[in-house]
Protein chains: 2
Amino acid sequence: MADQVTKSPTIYDVARAAGVASSTVSRAFARPGRVNAETAERIRKVAAELGYRTNPLARALPTGRTCLIGLVISDVTNPFYNEIIRGAQAAATEAGYTMLLTDAQESGVKEREALERSVSLVDGIVLASSRMSDSAIRMIAKQRPVIVLNRAVSDVPSVVTDNPRGMRRAVHHLAELGHERITYLAGPEASWADGTRWQALREAVHDVDLHAHRIGPFEPTVAGGAAALADLARHPTSAVIAYNDLMAIGLIRALTTAGARVPDDVSVVGFDNVFAAELVTPALTTVAAPLHAMGQAAVRNLLALARGARPTTHGPVSLPAQLVVRASTAHRRRNSTSPAWGTTRVSGSAARA
Amino acid sequence: MADQVTKSPTIYDVARAAGVASSTVSRAFARPGRVNAETAERIRKVAAELGYRTNPLARALPTGRTCLIGLVISDVTNPFYNEIIRGAQAAATEAGYTMLLTDAQESGVKEREALERSVSLVDGIVLASSRMSDSAIRMIAKQRPVIVLNRAVSDVPSVVTDNPRGMRRAVHHLAELGHERITYLAGPEASWADGTRWQALREAVHDVDLHAHRIGPFEPTVAGGAAALADLARHPTSAVIAYNDLMAIGLIRALTTAGARVPDDVSVVGFDNVFAAELVTPALTTVAAPLHAMGQAAVRNLLALARGARPTTHGPVSLPAQLVVRASTAHRRRNSTSPAWGTTRVSGSAARA
DNA sequence: CCAGGGCCGGCAAGCGGTTGCCAGAAGTCG
DNA sequence: CGACTTCTGGCAACCGCTTGCCGGCCCTGG
């Protein structure tokens with residue numbers, strides 16, 4: 001344990017051992033070609049013997065590049081991010097960057113504090129589902145290259161999923177199954193995705209002549225979805241689209257324990273296609289976001305930005321979403337306009353057949 | 001976007017503006033008390049006006065402390081780590097440290113490479129379910145304080161869950177339900193936890209006079225669990241304990257599609273109590289690891305170590321595990337010694353009642 | 001009234017690299 | 001053969017902050 005005091009060798013040690021100047025050692029590593037091939041080889045050999053490794057910190061000081069990128073996530077606990085993290089990580093590693101992960105714990109304030117402490121450390125930042133205000137984001141985008149993920153902020157490049165298209169597909173699917181009224185379970189109000197999805201739903205629904213109704217907002221969690229049951233019962237529909245999979249799962253569970261059957265009594269569609277979506281019973285029909293690709297795209301774009309590229313397009317980069325049809329959606333049953341599961345009997349307007 | 005060229009102010013800028021020496025500015029922040037209260041106050045005010053923030057990199061160079069800790073995870077995609085990450089993050093933030101997250105992608109080699117690039121950056125490292133060899137771990141423990149999570153390596157402090165106790169509880173639970181033979185679905189061979197669990201199972205089973213049988217190893221994933229079905233069918237038992245929840249879930253699914261009922265035909269117990277465990281149908285009975293606490297404990301111990309504390313005990317810090325009984329375990333049915341679901345009919349030795 | 005001790009601020013030497021500039025050696029060319 | 005490149009290696013000045021050491025000033029006690 002106490003071995004840790006042995007300081008690791010520096011370029012000076014290597015320089016002395018190899019009989020050259022420290023600058024030559026530095027160049028042998030940082031700028032091969034700038035130094036004679038043989039010399040470089042020799043230096044490299046000596047360095048290897050000494051176990052020399054260039055100290056990234058010391059390197060970063062004069063160059064200003066740390067080869068670190070920050071990934072800030074609104075809630076690491078949310079399975080939605082698992083694949084995003086991995087995608088980001090992959091892209092970072094591939095480019096020789098290391099990732100600094102920060103959990104904002106669904107709090108704009110904590111997010112800010114964390115950022116405060118790390119902006120100066122990183123070469124760029126990916127903000128995943130940031131809960132900060134647009135202006136706060138723009139503020140930090142002034143200090144470092146920033147890419148926002150799953151959100152659009154004017155003047156800041158972003159990558160998002162094609163929510164409108166995904167939503168349209170979900171609506172068409174539901175329409176084909178004979179559903180006429182769709183309830184949207186809203187997520188957090190601070191969420192850009194939530195706004196986009198609801199907006200997309202209204203448009204999609206209009207196209208195919210259905211009706212949409214929004215309830216919420218709820219927490220974007222299983223508990224939040226379950227909590228939505230009461231509101232849903234007050235204004236029941238045969239189909240529900242939830243802000244995300246977690247809420248969809250929560251709702252399904254609540255419905256089930258309330259005695260309703262999914263998908264027979266009500267069809268439920270989620271968003272994101274998180275890992276658990278195919279595990280639950282019934283398996284969840286959901287709009288799949290290309291999670292891995294998003295993480296990857298975000299980091300790649302960020303790195304391009306950091307290298308001085310102009311922000312590619314002025315709009316967000318939009319990645320295609322797909323509808324994954326599983327077992328939580330089915331044909332609407334003609335005689336099930338009014339639910340048997342309502343905690344409150346509905347206003348009577350919807351008469352039983 | 002181009003604003004990023006504006007360099008941020010340094011202590012020199014502040015010093016000039018405040019009419020003091022740079023060292024005084026430095027001390028005003030780093031060592032309050034060493035400098036006159038009024039002066040400090042004035043400096044702080046000027047600094048605030050200039051928007052000065054101390055550059056952690058520059059600070060780290062002379063001090064050698066980066067206030068960064070590395071968390072290396074064998075597979076970020078595994079939900080098992082979600083809460084661990086958060087626990088670790090919480091403990092780190094609370095101590096003013098930032099976390100560097102690395103995904104080893106279940107590869108000892110990638111793990112090593114990643115470490116290679118980051119050891120020199122961090123003040124300490126938490127290795128979660130490392131896939132590296134003991135000696136490799138000891139090697140890096142020589143360079144930096146290291147805590148291994150979910151594994152025991154001699155001479156390196158670690159935090160683990162109390163697998164033996166957890167296993168004992170699971171076995172007793174199964175015994176009470178009348179099961180006599182238990183199959184263990186083994187996880188990765190490189191996994192320390194796997195060895196411990198199997199060992200614990202054998203002992204626990206011996207105590208209560210049951211029988212245990214091990215099949216595997218399998219991938220510690222849903223697919224791995226599903227893949228285990230064939231082996232299980234060859235040697236069926238009424239109860240199964242899986243290396244982890246993911247495998248348990250996979251097995252349950254495979255069993256179900258093969259026509260077996262869980263828990264009626266076979267009881268399944270998992271390990272870890274990941275998020276999805278309570279979501280699946282039937283909800284999974286599992287040995288719950290204190291995920292959040294583990295991440296937290298790991299980081300706290302690491303920080304203590306980094307501060308120069310002697311490794312607390314010489315054995316691993318063991319956190320209590322609990323059995324969470326849900327719906328995937330039930331009384332053994334007398335007449336179900338031989339399964340109706342076997343893909344291969346069993347050797348006939350186990351006659352139908 | 002003077003010696004001794006705090007308190008405070010400044011000086012300057014690093015921490016471990018990078019890099020602009022310089023100069024000697026070697027190669028090129030008319 | 002001399003002028004001009006090109007190739008290589010060294011020198012030294014940073015990058016932004018920390019910190020050991022010094023010294024002036026003021027306070028206190030004998």
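The sequence lines fix the lettering, A, B, ..., with proteins before strands; numbering per chain opens at 1. Model, not experiment: these values are computed from the prediction. Just so it is clear, the values below take in all heavy atoms, side chains as well, and ignore hydrogens, waters and symmetry mates.
Straight-line distance from the CZ atom of A:R65 to the P atom of D:dC15: 19 Å, rounded to whole Å. When the C1' atom of D:dG16 is taken as reference, atom CG of A:N55 falls 15 Å away, rounded to whole Å. The separation between B:R53 atom CZ and D:dG16 atom P is 16 Å, rounded to whole Å.
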- prompt: Just by protein heavy atoms under 4.0 Å, how would nucleotides 4-14 of chain D read 5' to 3' in B, S and -?
  reply: ----BBBBB--
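Remark: B:S158 engages no residue in a side-chain hydrogen bond (donor to acceptor under 3.5 Å, both in side chains) (not counting sequence neighbours). Shown here are the side-chain hydrogen bond (donor to acceptor under 3.5 Å, both in side chains) partners of A:R112, two or more places apart in sequence or in another chain: there are none. Here B:S23 pairs with nothing under the side-chain hydrogen bond (donor to acceptor under 3.5 Å, both in side chains) rule; sequence neighbours left out. For B:R16, the salt bridge (charged side-chain N to carboxylate O under 4.0 Å, His left out) criterion is met by B:D13, not counting sequence neighbours. By the side-chain hydrogen bond (donor to acceptor under 3.5 Å, both in side chains) test, B:E113 pairs with no residue at all, sequence neighbours left out. Every residue meeting the side-chain contact (heavy atoms from CB on, under 4.5 Å) condition with B:A306, not counting sequence neighbours, appears here in chain and number order: B:P145. Partners of B:R151 under the salt bridge (charged side-chain N to carboxylate O under 4.0 Å, His left out) rule, at least two apart in sequence or in another chain, are B:D134. For B:I84, the side-chain contact (heavy atoms from CB on, under 4.5 Å) criterion is met by B:F80, B:Y81, B:L149, B:L291, not counting sequence neighbours.
Within 4.0 Å (heavy atoms only), A:T63 reaches sugar-phosphate atoms of the nucleic acid but no base atom. Looking at heavy-atom distances under 4.0 Å, B:Y52 makes contact with sugar-phosphate atoms alone, never a base.
Note that the first and last nucleotides of DNA chain C, 5' to 3', having any atom under 4.0 angstrom from a heavy atom of chain B are C:dC8 to C:dG16.
Projected onto DNA chain D by closest heavy-atom contact, B:R31 and B:A58 fall at different nucleotides, the more 5' of which corresponds to B:A58.
Contact annotation: B:S26 does not reach the phosphate of D:dC17 (side-chain N/O to OP1 or OP2, under 4.0 Å).
For the salt bridge (charged side-chain N to carboxylate O under 4.0 Å, His left out) condition, the pairs that include at least one residue of residues 61-80 of chain A, sequence neighbours left out, are A:D75-B:R86.
With hydrogens and angles left out, the side-chain atoms of B:E111 and B:S130 include a donor and acceptor closer than 3.5 Å. Looking only at atom types and distance, the side chain of B:R59 has no donor-acceptor partner in the side chain of B:S26 under 3.5 Å away.
End-to-end axis angle for the helix from C:dC1-D:dG30 to C:dG30-D:dC1, using five pairs per end and rounding to 10°, comes out at 40°.
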